[in-house]
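We count ligands from 1, going down the list as the structure has it; atoms in each ligand are counted the same way. Bear in mind the structure is a predicted one, so any value in this text is a computation, not a measurement.
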Amino acid sequence: MNTALISHPDTLLHVMDGSHPESPARITAIRNQLKAAGLDDRLAHYEAPQATDEQLTRVHTAAYVREIRRIAPKAGLVRLDADTAMGPMSLSATLHASGANVLATDLVMSGKVKNAFCCVRPPGHHAHQGRAAGFCIFNHVAVGVAHALEHHKLDRVAIIDFDVHHGDGTEDIFRNDPRVMLCSTFQHPFYPGTGADSRTDRMINVPLPAGTDGKGFREKVESEFAPALERFKPQMIYVSAGFDAHADDPLAQLGLLKDDYVWITEFIKAIAARHAGGRIISSLEGGYHLPALAESAVAHIRTLMSGRQPA
Ligand SMILES: [Zn+2]
């Protein structure tokens, strides 16, 4: 099979509070839509292992990893920032989410599958080297990228982050690593407020004003991401796949639709086919309107699964 779907039951057991938009129902909505679309049986399913401290401390400080393990509650909630909390199963969920990206890296590097989607939560791209933020505890995509660099000895890895929020944690981790390019589109000004002033030749930050629709998004990807990626020639592409830039998302004000997620996935596949042997690992980040999330994520996965580029 072309595509692995990597998840873990504990990803459903991380609960911050009943009304929090980053809820287990997000995973259930995607899984149900995969079944309804008839795609579930055509995916190679894998259960995510927990990431090890060795894997986590490639991108997080040892002190931060120790602190998260120490404060993880046996009952009740521990607050990490205004938007982020840990319950009794949150540590396990976030360890499996990082581990999903490690397993995905091994599967894709070994050629067992061409690409992979990590259907996990909490999200990860706001997690910095030494702090949690914005629903995120550990930075799963960064853990996967570091595994590709350190264990599989790749020289150039690109991360494409189309979540509506800037991938500030990922930038914090890889800003000074010449082996990593981050291409991030994000609504600006908006949470977390970063990115617009920190562009470099490897941190390809592309702020988008509120109200930007799919046409404006595609034009920016073509004019900003494409030349940078063609120059960098990544050997592997990771995707911080947030679906909260969708027009229906309640947390943000961009105007992407399902077809825009198909388009960006085809764009990523074309770059990966030219430079990376087709190797793509995508990991769920945001997306808070359940029907829009399910429809968009499944369109993204379907496009990853398809054997050829549509005309
Ligand atoms: Zn987001």
Side-chain angles (χ1 to χ4, degrees), residues 11 14 16 19-27 29-30 80-85 93-94 97-98 101 117-128 131-142 159-173 182-196 198 203-214 217 220-221 225 238-258 260-261 264-265 268 282-297 299-300:
T11 211
H14 161 59
M16 290 187 276
S19 62
H20 202 293
E22 206 291 277
S23 70
R26 301 174 60 236
I27 299 290
I30 295 170
L80 303 180
D81 81 349
D83 308 312
T84 316
T94 196
S98 285
N101 278 264
F117 184 76
C118 301
C119 195
V120 294
R121 55 180 290 280
H125 71 154
H126 297 306
H128 287 56
R131 69 175 167 90
F135 314 166
C136 306
I137 303 168
F138 293 134
N139 194 317
H140 319 305
V141 167
I159 302 163
I160 296 179
D161 184 333
F162 55 71
D163 188 279
V164 79
H165 303 98
H166 177 233
D168 58 336
T170 311
E171 177 172 317
D172 174 63
I173 289 165
L182 169 65
C183 297
S184 180
T185 47
F186 50 94
Q187 182 175 327
H188 185 82
F190 199 49
Y191 180 90
T194 50
S198 57
M203 297 290 119
I204 313 298
N205 290 330
V206 178
L208 302 171
T212 299
D213 63 4
F217 169 79
K220 283 290 190 183
V221 168
F225 287 6
Y238 289 75
V239 184
S240 267
F243 299 93
D244 41 9
H246 192 284
D248 292 341
D249 197 273
L251 267 55
Q253 292 81 39
L254 294 192
L256 301 200
L257 298 172
K258 181 185 77 171
D260 298 308
Y261 292 106
I264 185 67
T265 310
I268 294 165
S282 178
S283 192
L284 181 65
E285 300 280 4
Y288 304 101
H289 182 278
L290 294 179
L293 167 67
E295 176 187 80
S296 303
H300 171 64

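- Between the side chains of Glu171 and Ser198, at least one donor N or O lies within less than 3.5 Å of an accepting N or O.
- Side chains of Asp161 and His125 form a contact here, defined as non-hydrogen atoms less than 4.5 Å apart.
- For Phe190, the ring-ring contact (aromatic ring centres under 6.0 Å, His included) criterion is met by His165, not counting sequence neighbours.
- Two rings, from Phe135 and Tyr288, have their centers less than 6.0 Å apart.
- Annotation: salt bridge (Lys or Arg N to Asp or Glu O under 4.0 Å) contacts of Asp168 (sequence neighbours excluded): none.
- For His289, the side chain to side chain donor-acceptor pair (under 3.5 Å) test picks out no residue, with sequence neighbours left out.
- Around the Zn ion (ligand 1), the protein atoms of type N, O or S found under 2.8 Å away are Asp163 OD1, Asp163 OD2, His165 ND1, Asp244 OD2, listed by chain and number.
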